[in-house]
Amino acid sequence: MANFIEHFEINRDRGERCRFNADVIFQSTRLAHEHTRVYLSFRDDDISSVRFAEKGELNPVFVHTEFRVTSSHFQFENNELQITGASSKVGPYKVRILPS
C-alpha cells in the first residue's frame, strides 16, 4: 500500500491514514463498479487497513467494503491497488482501486 500512495502522491494525515476518491471495482459472483471515497490506514490499532464508502452497488449486504491485511492479499499492480481473497459470504473476490 505504501508504494500505491507514493505513486499517486496521496497524503497521509498525522494519524497515518489516507482518504481519496477512486473508482472501485469489486468482482466475485457479482460485479460492482462505483466511484466512491476510499480510506487506507497504516495504523496497527485500526481493524481494517482498507475500506470504502458504501455507494450504489457497493453495499455491504452484497460485497465486502472493509479489508484486513491478515485475511486478504494486497498488491500494487497496473497502476491500481488490487485486493484478493475469499470468504464464505462472496467466495473468491478481487477488488481494484483506481484513484481519480
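Index from 1, following the sequence.
Using a 4.5 Å cut-off between side-chain heavy atoms of Ile, Leu, Val, Met, Phe, Trp and Tyr, L98 falls into a hydrophobic cluster with I25, L31.
We find the OG-CD distance between S49 and E66 to be 10.5 Å, quoted to the nearest 0.5 Å. The NE2 atom of H73 sits 10.5 Å away from the CD1 atom of I83 when rounded to the nearest 0.5 Å. Atom-to-atom distance recorded for C18:SG and I10:CD1 is 6.5 Å, nearest 0.5 angstrom. Here the straight-line distance linking atom CZ of R12 with atom CD of E6 works out to 7.0 Å at 0.5 Å rounding. Note that CG of L81 is 7.5 Å distant from CE of M1, once rounded to the nearest 0.5 Å. Rounding to the nearest 0.5 angstrom, the gap separating the CD atom in E54 from the CG atom in N59 is 6.0 Å.
In this model, no donor atom of one side chain and acceptor atom of the other lie less than 3.5 Å apart for H35 and N21.
Judged by distance alone, with hydrogens and angles left aside, the side-chain atoms of N78 form no donor-acceptor pair with the main-chain N or O of E80 at under 3.5 Å. A side-chain donor-acceptor contact under 3.5 Å links T36 to the backbone of A53. Checking side-chain atoms of Q75 against main-chain N and O of Q82 turns up no donor-acceptor pair under 3.5 Å.
F26 is listed as a side-chain neighbour of H64, based on a closest heavy-atom distance under 4.5 Å. Considering only heavy atoms from C-beta on, V50 stays 4.5 Å or farther from V95 through its side chain. K94 places a side-chain heavy atom less than 4.5 Å from the side chain of T84. Proximity of F20 to L40: side-chain heavy atoms (C-beta onward) are separated by under 4.5 Å at one or more points. Counting heavy atoms from C-beta on, the side chains of R17 and R43 come closer than 4.5 Å. Two residues are said to be in side-chain contact when any heavy atoms from C-beta on lie closer than 4.5 Å; I97 and F74 fail this criterion.
By the 6.0 Å contact criterion, CG on D44 is open, its count of non-hydrogen atoms from other residues, nucleotides or ligands being 12 or less.
For the pair A22 and P99, the tightest heavy-atom approach, listed with the atom from each and the gap, is CB-CA, 3.7 Å. In terms of heavy-atom proximity, L58 sits nearest to A32 at CD2-CB, 3.9 Å. Across every non-hydrogen atom of E34 and K55, the tightest pair is CG-O, 3.3 Å.
With sequence neighbours excluded, the residues satisfying ring-ring contact (aromatic ring centres under 6.0 Å, His included) with F8 are F4.
F67 has its ring centre less than 6.0 Å from the ring centre of Y93.
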